[in-house]
Undergrad: 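What follows is a single structure, and I will ask about it in a moment.
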Amino acid sequence: MSQVRVRFAPSPTGFFHIGSARTALFNWLYARHTGGKFILRIEDTDKERNSPEFLKVILDSMRWLGMDWDEGPEVGGNFGPYFQSQRTELYQKKLKELADKGKAYEKDGAWWLRLEGARSTVFDDHLKREIEKVDAAPMVLNDLVRGRVERAEDRDFVIFRSNGEPVFHFVNVVDDIEMQITHVIRGEDHLSNTSKHLELFKAFGVKPPEYAHIPLILKTDGPGKMSKRDRGALIEEYQQRHYLPSAVRNYLCLLGWTPTDGREVLPIEDIIKQFELSAVHQSNARFDERKMSHVNAQTLRTLPAAEFAAIARPILIQHRVIDEKVSPARLAEVLAIIQEKVISVEHLPEFMGFFFTENFKKDDNAFANLKKKGGDPAARLRELLPHIEACEWTDAGIEAAFNAAAAAHQRKATDFFAPARFATSGQGGGPHLLGILRVLGRDTTLGRIKAFLN
RNA sequence: GCCCCCUUCGUCUAGCCCGGUCAGGACACCUCGUUUUCACUGAGGUAACUGGGGUUCGAAUCCCCAAGGGGGCGCCA
């Protein structure tokens, strides 16, 4: 059996849309699952809308998501060039081939593909003009996702514009032929176009590839598919917000496909192993940022500590929560107690800022809550103070101090927690309190409690 | 207007191919618990087979129709 060759063929328009990313991902997964080749081809035939900076957006996002390509820009390959703008001679040659066979003809300066079938002229309601219809035989597609789909083209269509540039349908098919693409995995928005593509394959006398039309990603609410303007629609947004690329990729897999082993958050190696086109869903999926955040949080918490630190450190430096002088060991100590609680890297600076400055932010809400709930926080801290001044500075020692304070004043140990938490962190929640105190150290802890009392 | 695709909790989905489980899980939400309030975590809970016809002892599952949703119909990709 010949090797699988799939391609992702984006048009560089300056954005990398989440739907495009998912299409790329399914192609990539299929290539990796089958041991085939993943080809990146740049469809830049529309000169009006393309530029080198736009290309960079795509390449950067592809790399960020860990989708490496075997052939394409910057890596080369035997079927290049991989930019359609550099393949114009080929398109001219292929056009001539169709013209010589009588499959294409010139009209109004453009070239049209000639369909086979009886012709008649009718008024088209949608186009609001008279058109020549062709009673062509339906094209039959056995789609790997959707099954048998039958559709007939009913008009000749342009394959080369009067300005000399080929149109999408033509270059798409020519390149798929020349690059020996075996499987076309693309969005369902192309399903209706497929009959055009099959007509082209037929005209060339070439057996078409297998097709798999994957469902679209719909807006979270409201009608229609995700558009550039929707929140969460652009991959760069996730990069900026410090989402983990592996989590974004993981979530994208869940839109239109379900892992077979019952897990939702799982390593990419396992996804590759389980991925099958036949298991791709047929119905569109609505984007849900909350679930994506959940996947991100899950992934974040299970990250090896060193990896977590490598991600957190530059961001904390960037936000001036720490400077370069903070030792890896000290940072690791702090991160160790916060990682189990953390849900996003984006909010890490505010979540853990109090570890590194005396000038930490105090949450008014938490303070109000404190007074409302637990009586007199200052009184509690005065009761607690002598015990933690003397105790052994370990989790167990600090815990014993809290218990001792409770026993001495006929209270529950937890009565001291909220005041201590607020005094030392300015927050109402966060990492485990004993861990916070231990990591802050005795001097800092006592200093902050005394500062609070003043 | 024409053509194509789709239809299970609010959302993502399992089950459907090869009819028979209280229709299962996850996110979100609610309740309760945990060293109180918590961006951790644990236990519960609310919540769905779009509608109508068939076929069948029995239908989420098979067939038909309708409705709804999505997409396409360009000398855009």
Side-chain angles (χ1 to χ4, degrees), chain A residues 9-13 43-46 48-50 84 107-112 123-128 138 141 143 145-147 149-155 157-169 171-172 187-196 213 215-216 218 220-221 223-225 251 254-258 260 262-265 281-295 297-298 301 338-344 347 351 365-366 368-370 372-374 399 402-403 406 412-419 421-422 427-434:
Chain A
S11 187
T13 54
E43 305 218 335
D44 53 354
T45 53
D46 181 12
E48 305 288 310
R49 284 167 45 174
N50 290 288
Q84 290 185 331
K107 191 181 87 178
D108 303 331
W111 284 87
W112 300 66
F123 185 82
D124 186 285
D125 282 338
H126 182 72
L127 298 172
K128 306 279 187 242
L141 167 67
D143 193 277
V145 171
R146 326 201 83 91
V149 178
E150 200 178 290
R151 186 171 187 275
E153 281 301 312
D154 61 358
R155 327 163 36 202
F157 56 92
V158 170
I159 53 178
F160 251 77
R161 300 181 194 120
S162 51
N163 68 3
E165 288 173 19
V167 306
F168 161 73
H169 304 297
V171 294
N172 200 264
E188 199 223 54
D189 47 348
H190 286 294
L191 188 56
S192 295
N193 288 330
T194 307
S195 45
K196 281 193 177 71
H213 286 93
L216 302 181
L218 269 28
T220 304
D221 33 45
K225 56 178 176 175
Y251 175 70
L254 264 25
L255 288 178
W257 177 76
T258 307
T260 51
R263 286 182 297 170
E264 288 191 321
V265 181
H281 307 154
Q282 301 187 317
S283 51
N284 297 337
R286 224 169 259 283
F287 176 74
D288 183 0
E289 189 180 341
R290 291 176 303 189
K291 180 127 186 182
M292 177 147 143
S293 295
H294 168 77
V295 173
Q298 288 290 314
R301 273 184 233 121
I338 73 125
Q339 187 179 0
E340 61 175 15
K341 280 263 194 172
V342 84
I343 67 166
S344 85
H347 298 118
F351 188 62
N365 232 356
N369 221 329
L370 190 65
K372 202 186 322 165
K373 262 225 149 95
E399 183 177 5
F402 273 82
N403 289 332
K412 291 185 295 180
T414 51
D415 291 341
F416 300 100
F417 272 68
R421 179 185 289 284
F422 185 81
Q427 296 180 18
H432 197 286
L433 180 64
L434 299 178

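By convention in this document, chain letters (A, B, ...) are assigned in the order of the sequence lines, proteins followed by strands, and residues within each chain are numbered from 1. Note that the structure is a prediction, hence the values are computed from the model and not measured.
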Undergrad: Say you pick atom C1' in B/U21 and the same atom in B/U31; how far apart are they, in whole Å?
TA: 28 Å
Undergrad: Pick base, sugar-phosphate or nothing for A/Phe351, based on heavy-atom distances below 4.0 Å to the nucleic acid.
TA: base
Undergrad: Remember a base hit wins even if backbone is also touched, and classify A/Ser195 as base, sugar-phosphate or nothing at under 4.0 Å, heavy atoms.
TA: nothing
Undergrad: Nucleotides 26-34 of chain B: which of its N/O atoms have a protein N/O under 3.5 Å away?
TA:
residue	atom	partner	partner atom	Å
B/A26	O2'	A/Glu264	OE1	2.5
B/A26	O2'	A/Lys291	NZ	3.2
B/A26	N3	A/Lys291	NZ	3.0
B/C27	O2'	A/Lys291	N	3.4
B/A28	O2'	A/Arg290	NH1	2.8

Undergrad: Ignoring backbone atoms, establish whether A/His281 has a side-chain N or O less than 4.0 Å from OP1 or OP2 of B/U13.
TA: yes
Undergrad: Of the candidate nucleotides B/G70, B/C12, B/C75, which contains the atom at the shortest distance from the side chain of A/Ala285?
TA: B/C12
Undergrad: So which nucleotide from B/A39, B/A77, B/C12 ends up closest to the side chain of A/Arg286?
TA: B/C12
Undergrad: Any side-chain heavy atom of A/Phe351 sitting closer than 4.5 Å to one from A/Pro431?
TA: yes
Undergrad: Between the side chains of A/Glu188 and A/Asn284, does any donor sit under 3.5 Å from an acceptor?
TA: no
Undergrad: Watson-Crick or G-U wobble partner for B/A67, using a 3.5 Å limit on both distances?
TA: B/U7
Undergrad: Starting at atom CG of A/Leu255, determine the distance to atom P of B/G70, rounded to an integer number of angstrom.
TA: 17 Å
Undergrad: Name the residue closer to the 5' end of RNA chain B, choosing between A/Asn193 and A/Pro215 according to the nucleotide with the nearest heavy atom.
TA: A/Pro215
Undergrad: Quick one: are A/Ile343 and A/Arg301 in side-chain contact, heavy atoms under 4.5 Å?
TA: yes
Undergrad: On the six-membered ring of A/Phe157, is A/Lys196 placed so that its NZ or CZ lies under 6.0 angstrom from the centre and within 45° of the ring axis?
TA: yes
Undergrad: Looking across every strand, which nucleic acid part, if any, lies under 4.0 Å from A/Gly262 by heavy atom: base, sugar-phosphate, or nothing?
TA: nothing
Undergrad: Decide whether A/Asn172 and A/His169 meet the rule of one side-chain donor and one side-chain acceptor closer than 3.5 Å.
TA: no
Undergrad: Ignoring backbone atoms, establish whether A/Arg155 has a side-chain N or O less than 4.0 Å from OP1 or OP2 of B/G74.
TA: yes
Undergrad: Please tabulate, one pair per line, each protein N/O and nucleotide N/O from nucleotides 3-7 of chain B that are separated by under 3.5 Å, including the distance.
TA:
residue	atom	partner	partner atom	Å
B/C3	O2'	A/Arg151	NE	3.1
B/C5	O2'	A/Arg146	NE	3.0
B/C5	O2'	A/Arg146	NH2	2.8
B/C5	O2'	A/Glu188	OE2	2.9

Undergrad: What distance, rounded to whole Å, do you find between the two C1' atoms, one in B/C6 and one in B/C49?
TA: 15 Å
Undergrad: Can you check the A/Phe157 CZ to B/C76 P distance for me, whole Å?
TA: 14 Å
Undergrad: The side chain of A/Ile343 is closest to which nucleotide in this list: B/C40, B/G70, B/U37?
TA: B/C40
Undergrad: Would you check, one step at a time, whether the test side-chain hydrogen bond (donor to acceptor under 3.5 Å, both in side chains) holds for A/Glu43 with A/Ser11?
TA: CA-CA 5 Å; A/Glu43 305 218 335; A/Ser11 187; over 6 Å; no
Undergrad: Check every atom of B/C75, B/G70, B/G71 against the side chain of A/Pro223 and return the nucleotide holding the closest atom.
TA: B/G70
Undergrad: Between B/G68 and B/U41, how many Å separate the two P atoms, rounded to a whole number?
TA: 43 Å
Undergrad: A/Asp108 near the nucleic acid: base, sugar-phosphate alone, or nothing, with a heavy-atom cut-off under 4.0 Å?
TA: base
Undergrad: Roughly how far apart, to the nearest Å, are B/G58 and B/U7 at atom P?
TA: 26 Å
Undergrad: Please give the distance between the C1' atoms of B/G20 and B/G1 as a whole number of Å.
TA: 46 Å
Undergrad: A/His432 NE2 to B/C38 C1': how many Å, rounded?
TA: 12 Å
Undergrad: Below 4.0 angstrom from OP1 or OP2 of B/C75, is there any side-chain N or O of A/Ser162?
TA: no
Undergrad: Any strand is fair game: report the nucleotide pairing with B/C62 by Watson-Crick or G-U wobble, both distances under 3.5 Å, or none.
TA: B/G54
Undergrad: Using purine N1 to pyrimidine N3 plus N6-O4 or O6-N4 for Watson-Crick, or N1-O2 and O6-N3 for G-U wobble, both under 3.5 Å, which nucleotide pairs with B/A48?
TA: none
Undergrad: Once you apply the 3.5 Å cut-off to both distances, tell me the Watson-Crick or G-U wobble partner of B/U41, or none.
TA: B/G33
Undergrad: Roughly how far, to the nearest 0.5 Å, is NZ of A/Lys291 from CG of A/Leu255?
TA: 9.5 Å
Undergrad: Considering only side-chain heavy atoms of A/Arg301, which listed nucleotide, B/U41, B/A39, B/C75, is closest?
TA: B/U41
Undergrad: What does A/Gly147 touch in the nucleic acid at a heavy-atom separation under 4.0 angstrom: a base, only the sugar-phosphate, or nothing?
TA: nothing
Undergrad: In Å and rounded to the nearest 0.5 Å, what is the CZ to CD distance from A/Arg146 to A/Gln282?
TA: 5.5 Å
Undergrad: Considering Watson-Crick and G-U wobble pairs with both distances under 3.5 Å, what does B/G1 pair with?
TA: B/C73
Undergrad: Measuring only the P atom in each nucleotide, how far is B/C62 from B/C18? A whole number of Å is fine.
TA: 8 Å
Undergrad: Using whole Å, what does the distance between atom C1' of nucleotide B/C40 and atom CG of A/Leu433 come to?
TA: 14 Å
Undergrad: Which class fits the ring pair A/Phe417 and A/Phe402: parallel under 30°, tilted 30 to 60°, perpendicular over 60°?
TA: tilted
Undergrad: With a 4.5 Å limit on heavy-atom distance, are the side chains of A/Asp415 and A/Lys412 in contact?
TA: yes
Undergrad: When the C1' atoms of B/A67 and B/C22 are compared, how many Å lie between them, rounded to an integer?
TA: 31 Å
Undergrad: Using the P atoms only, state how far B/G71 lies from B/C32, rounded to an integer number of Å.
TA: 43 Å
Undergrad: What integer distance in Å separates A/Ile159:CD1 from B/A77:P?
TA: 14 Å
Undergrad: Taking the nucleotide of RNA chain B with the closest heavy atom to each, which residue, A/Glu340 or A/Leu434, is nearer the 5' end?
TA: A/Leu434
Undergrad: Between A/Asn172 (CG) and B/C76 (P), how many Å, whole number?
TA: 16 Å
Undergrad: With a 4.0 Å cut-off on heavy atoms, is A/Lys412 in touch with a base, just the backbone sugar-phosphate, or nothing at all?
TA: nothing
Undergrad: So do the side chains of A/His190 and A/Phe168 get within less than 4.5 Å of each other, counting heavy atoms only?
TA: yes
Undergrad: Take A/Arg286 and A/Asp221 through the salt bridge (Lys or Arg N to Asp or Glu O under 4.0 Å) test and state the conclusion after the steps.
TA: CA-CA 8 Å; A/Arg286 224 169 259 283; A/Asp221 33 45; over 6 Å; no
Undergrad: I need the CG-P distance between A/Asp189 and B/C76, as an integer number of Å.
TA: 18 Å
Undergrad: So A/His213 and A/Val149, do their side chains get closer than 4.5 Å, heavy atoms only?
TA: no
Undergrad: Report the distance from atom CG of A/Leu141 to atom P of B/G71, rounded to the nearest whole Å.
TA: 20 Å
